[in-house]
Amino acid sequence: MGTTERPRRIAMTPAARRVLEAAAGLFYERGIHAVGVDLIAAEAGVTKKTLYDRFGSKEQIVVEYLADRDERWRAFLAQCIDTAQATPEARVLAVFDASRAWSAKNSSKGCGMVNAHAEISDPSHPAHLIITGQKQWMLTLFTDLAGDITPDGAGTLGQALMLLHEGALVAHGLNIFADPFGHAREQAQALLAATGDSPAKR
């Protein structure tokens, strides 16, 4: 699959939506490989024939699960950034606040994309592009936001912010210390302050 291609999507009928909602909960809680179509169909209250009629394969259900999660995250994040204070620094920090809020409600076991990548590392899998595409989108977002703070150093700052954010996502999933998003936000704030005090900004 080329980098410019997008995975095939299907139209969502009411039955397909029930399958997707059931699969999403099962995939996230138990893992993609551990969940079979029999269990998904039973949880959704449909027959296996209906499941295959709507999706064609388990692989397509995985695509829809990750694509739907990605779309909901992007919409949630966009709203959080739009309602943040107008300063470039506040918009960056809004990403960490959004991830904290999203994870508290939707991601008790960590980032769904990171978890999925642990099971789907083959680039030929149609869902792989969704996983890596979201992370590339996040890096672009951080880089764009960083460009409003330090145009010449946007790439370096964007990568640093991305690393702090991804580290917080993983630490949240591992649950080894409290409030990793708060810690990452503090580190991001210090990084932004240091960048603002650099000679290039004076």
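The structure displayed is predicted, hence computed values, not measured ones. Throughout, numbering of the chain's residues begins at 1 and tracks the sequence. Note: hydrogens, waters and symmetry copies are ignored here, and every other heavy atom, side chains too, is used.
Taking Ala16 as the reference, Met12, Thr13, Arg54, Phe55 meet the side-chain contact (heavy atoms from CB on, under 4.5 Å) condition, with sequence neighbours excluded. The salt bridge (charged side-chain N to carboxylate O under 4.0 Å, His left out) test applied to Arg72 returns Asp68, not counting sequence neighbours.
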- Carefully, step by step, assess Thr132 and Met113 under the rule side-chain contact (heavy atoms from CB on, under 4.5 Å). CA-CA 8 Å; Thr132 56; Met113 296 298 165; over 6 Å; no
- CA sep, side-chain torsions, deciding dist, call: Leu77, Trp102, side-chain contact (heavy atoms from CB on, under 4.5 Å): CA-CA 9 Å; Leu77 178 56; Trp102 172 272; over 6 Å; no
- Query: Do Thr150 and Thr156 pass the side-chain contact (heavy atoms from CB on, under 4.5 Å) test, and can you show the C-alpha distance, the side-chain angles, and the key distance before you say yes or no?
  - Reply: CA-CA 10 Å; Thr150 172; Thr156 299; over 6 Å; no
- Message: Assess the residue pair His172 and Asp179 against the criterion (side-chain contact (heavy atoms from CB on, under 4.5 Å)); give the C-alpha distance rounded to whole Å, side-chain angles, the decisive distance to 0.1 Å, and a yes or no.
- Response: CA-CA 7 Å; His172 170 77; Asp179 195 17; over 6 Å; no
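In this structure, a donor-acceptor pair under 3.5 Å is present between the side chains of Ser99 and His165. There is no side-chain donor-acceptor pair under 3.5 Å between Thr140 and Thr143.
Checking side-chain atoms of Asp70 against main-chain N and O of Leu66 turns up no donor-acceptor pair under 3.5 Å. When atom types are taken as modelled, the side chain of His125 and the backbone of Glu59 share no donor-acceptor pair closer than 3.5 angstrom. Judged by distance alone, with hydrogens and angles left aside, the side-chain atoms of Gln85 form no donor-acceptor pair with the main-chain N or O of Ala90 at under 3.5 Å. Formation of a donor-acceptor pair under 3.5 Å by the Thr83 side chain with backbone atoms of Cys80 is found in this model. Using a distance-only test at 3.5 Å, with no hydrogens or angles considered, a donor-acceptor pair links the side chain of Tyr28 to the main chain of Lys109. Lys58 contributes a side-chain N or O that, together with a main-chain N or O of Ile32, makes up a donor-acceptor pair within less than 3.5 Å.
Atom CD of Gln189 is separated from atom CG of Leu164 by 12.0 Å, given to the nearest 0.5 angstrom. With values rounded to the nearest 0.5 angstrom, Asp38 atom CG is found 11.0 Å from Thr47 atom OG1. Rounding to the nearest 0.5 Å gives a distance of 9.0 Å between CG of Leu139 and CZ of Phe142. Of the inter-residue distances, the one linking Cys111 atom SG with Trp73 atom CH2 reads 9.0 Å to the nearest 0.5 angstrom. How far CD1 of Ile120 is from CD1 of Ile131: 4.5 Å, rounded to the nearest 0.5 Å. From Leu145, atom CG reaches atom CG of Leu157 across 9.5 Å, with rounding to the nearest 0.5 Å.
No salt bridge links Glu64 with Arg69; every basic N to acidic carboxylate O contact stays at or beyond 4.0 Å. By the 4.0 Å N-to-carboxylate-O rule, Glu166 lies close enough to Lys135 to be salt-bridged with it. Salt bridge annotation for Asp148-Arg91: absent, with no cationic side-chain nitrogen under 4.0 angstrom from a carboxylate oxygen.
Cluster membership check: Trp137 shares its hydrophobic cluster with Val92, using side-chain heavy-atom separations under 4.5 Å among Ile, Leu, Val, Met, Phe, Trp and Tyr. In this structure, Ile10 is a member of the same hydrophobic cluster as Val63, with clusters built from ILVMFWY side-chain heavy atoms closer than 4.5 Å. Taking hydrophobic clusters as Ile, Leu, Val, Met, Phe, Trp and Tyr residues chained together by side-chain heavy-atom distances below 4.5 Å, Phe177 shares a cluster with Val170. A single hydrophobic cluster is seen to contain both Leu20 and Tyr52, as judged by linkage of ILVMFWY side chains at heavy-atom distances under 4.5 Å, directly or through other members. One hydrophobic cluster holds both Val62 and Val46 under the rule that ILVMFWY side chains link at heavy-atom gaps under 4.5 Å.
For the pair Leu141/Ile81, a side-chain contact is recorded, criterion being any heavy-atom separation below 4.5 Å from C-beta on. Within the 4.5 Å cutoff, the side chain of Leu93 has heavy atoms near those of the Leu192 side chain.
Across all their heavy atoms, Ala154 and Ala146 have their closest contact at O-CB, 3.7 Å. Between Leu39 and Val35, the closest heavy-atom pair is CD2-CG1, 4.4 Å. Residue Arg74 comes nearest to Gln134 through the heavy atom pair NH2-CA, 3.8 Å, listed as atom of the first residue, atom of the second, then distance. Listed here is the closest heavy atom pair of Ala98 and Phe76: O-CE2, 3.3 Å. The nearest pair of heavy atoms linking Ala22 to Ile40 is CB-O, 4.0 Å.
Ring planes of His117 and His128: tilted class, angle from 30 to 60°.
Here the two rings, on Tyr65 and Phe27, have centers that are under 6.0 Å apart.
In Glu71, the CD atom is crowded: over 12 heavy atoms of neighbouring residues, nucleotides or ligands sit closer than 6.0 Å.
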